[in-house]
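For reference, the structure discussed in these notes is given below.
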Number of protein chains: 2
Amino acid sequence: MNLGHKKGTAMLDDKQCPDCKRINEVLSRVGDRWSVLVVISLAEYGTLRFNELKRNLGISQRMLSLTLKELERDGLVNRTYHPTIPPKVEYNLTNMGQSFREPISALGYWALENLATIDVARRAYDEKVTNQLTYTQSPRAPDF
Amino acid sequence: MNLGHKKGTAMLDDKQCPDCKRINEVLSRVGDRWSVLVVISLAEYGTLRFNELKRNLGISQRMLSLTLKELERDGLVNRTYHPTIPPKVEYNLTNMGQSFREPISALGYWALENLATIDVARRAYDEKVTNQLTYTQSPRAPDF
DNA sequence: CCGGATCCAGTATGATACTG
DNA sequence: CAGTATCATACTGGATCCGG
């Protein structure tokens, strides 16, 4: 999630918003868009090769490489290297990786139920703003 | 989450990883770290002023301003402007904003249960990598 | 003073080219 | 095929300025 932004966050004050500290930590780890999507994809297909993931997600080679390395480091993903020619590298979820799918599904359901509403709100807001701009920019009646 | 990365993502192929497309969309909207934290914070306290949020989250003025504008646009947050001196602007969640707390809580619980495990995995991985580097960098026995 | 808007510098991301 | 290196660009945070 654009949850990107892995390092920059200042430490939160302990006394404030107790939940935020915890949430903030988890988001720092597995909260970016690509991590989430890789986990979903592996949860759905079991085992995938590097380029299969790349094609599935429309992610750049660079980010996929970085994301997988992070996920392996965090113990969410297993990496299996087959030293054949051409090489073959397979990825699948660890148990912890699998368990991560549950909270993500919750997010998915919420998404399904609310995306339409968000789009409506967004259009309404944009229209309102546009009208305000039009109004302040040409207070006088149009010249015709 | 770092889900940041709001615009750059190429559209996903429809035929691949059906869930990913939906998840990807929601993450593009409310998936970045600050949006999530602002919603949590408002869910916890009900109504907060601009600088209260700023202090709670350790977010920069700039990002808070942008994040709140987005959340208002998406219909998750209400903004109330009191034209006093000094000005006073209050924010609280809409119904949709409130409903967003549920999936986020799921994430929070998962976090609570798994953060420690992640840290362990991370340390183990780092140590392994360090040893490999040490090995390849100085194949000979240390000079003592 | 508060809530922002603006400008600037550092970081993260994507596209492309290259290697084993 | 599975990455790594490089460069251009987008985004983020910090400092500064401003209207009320």
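Labels below follow one simple rule: chain letters A, B, ... track the order of the sequence lines, proteins then strands, and each chain is numbered from 1.
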Inset, instruction - Could you tell me which residues satisfy side-chain contact (heavy atoms from CB on, under 4.5 Å) with T117(B), sequence neighbours excluded, listed by chain and number? - result: M96(A)
Legend entry - Whole-Å distance separating the CZ atom of R33(A) from the P atom of dG14(C): 8 Å
Inset, instruction - Only counting residues at least two apart or in another chain, list the ones meeting side-chain contact (heavy atoms from CB on, under 4.5 Å) with Q61(A). - result: F50(A), K54(A)
Legend entry - Single hit among L68(B), L48(B), L64(B) for side chain to side chain contact (heavy atoms under 4.5 Å, CB included) with Y91(B): L68(B)
Inset, instruction - Calculate the interatomic distance between K54(A) atom NZ and dC1(D) atom P; express it in whole Å. - result: 10 Å
Legend entry - Y81(B) OH to dG20(D) P, straight-line distance once rounded to whole Å: 8 Å
Restricting both atoms to N or O, compile the protein contacts to nucleotides 4-6 of chain D shorter than 3.5 Å, with distance only.
from	atom 1	to	atom 2	distance (Å)
dT4(D)	OP2	S65(A)	OG	2.9

Inset, instruction - Grab the NE2-C1' distance between H82(A) and dG20(C) for me, whole Å please. - result: 18 Å
Legend entry - DNA chain D contacts among residues 84-94 of chain B, heavy-atom distance under 4.0 Å: P86(B), P87(B)
Legend entry - Set of salt bridge (charged side-chain N to carboxylate O under 4.0 Å, His left out) partners for R49(B), sequence neighbours left out: none
Inset, instruction - Round to the nearest Å and state the distance from I59(A) atom CD1 to dG3(D) atom C1'. - result: 13 Å
Inset, instruction - Please state how far atom CG in L53(B) lies from atom P in dG3(C), giving the value in whole angstrom units. - result: 10 Å
Legend entry - Contacts of S99(A) that satisfy side-chain hydrogen bond (donor to acceptor under 3.5 Å, both in side chains) - sequence neighbours left out: W110(B)
Legend entry - N/O (side chain, R79(A)) to phosphate O (OP1/OP2, dG3(D)) under 4.0 Å: yes
Inset, instruction - Walk me through it: do K69(B) and E72(B) pass the test salt bridge (charged side-chain N to carboxylate O under 4.0 Å, His left out)? - result: CA-CA 5 Å; K69(B) 208 183 292 178; E72(B) 190 195 354; over 6 Å; no
Legend entry - N51(B): side-chain hydrogen bond (donor to acceptor under 3.5 Å, both in side chains) partners, not counting sequence neighbours: none
Inset, instruction - To the nearest Å, give me how far apart CE (M63(A)) and P (dA10(D)) are. - result: 16 Å
Legend entry - Set of side-chain contact (heavy atoms from CB on, under 4.5 Å) partners for A121(B), sequence neighbours left out: none
Legend entry - Options dG14(C), dC2(C), dA2(D), nucleotide nearest the side-chain atoms of N51(A): dA2(D)
Inset, instruction - Name all residues meeting the side-chain contact (heavy atoms from CB on, under 4.5 Å) criterion together with S105(B); count only those two or more places apart in sequence or in a different chain, and write none if there are none. - result: R101(B), Y109(B)
Inset, instruction - Rounded off to whole Å, could you give me the CG-to-P distance for the L57(A) and dG14(C) pair? - result: 12 Å
Inset, instruction - Look at the side-chain N and O atoms of W34(A) and state whether any lies under 4.0 Å from the OP1 or OP2 oxygen of dA12(C). - result: no
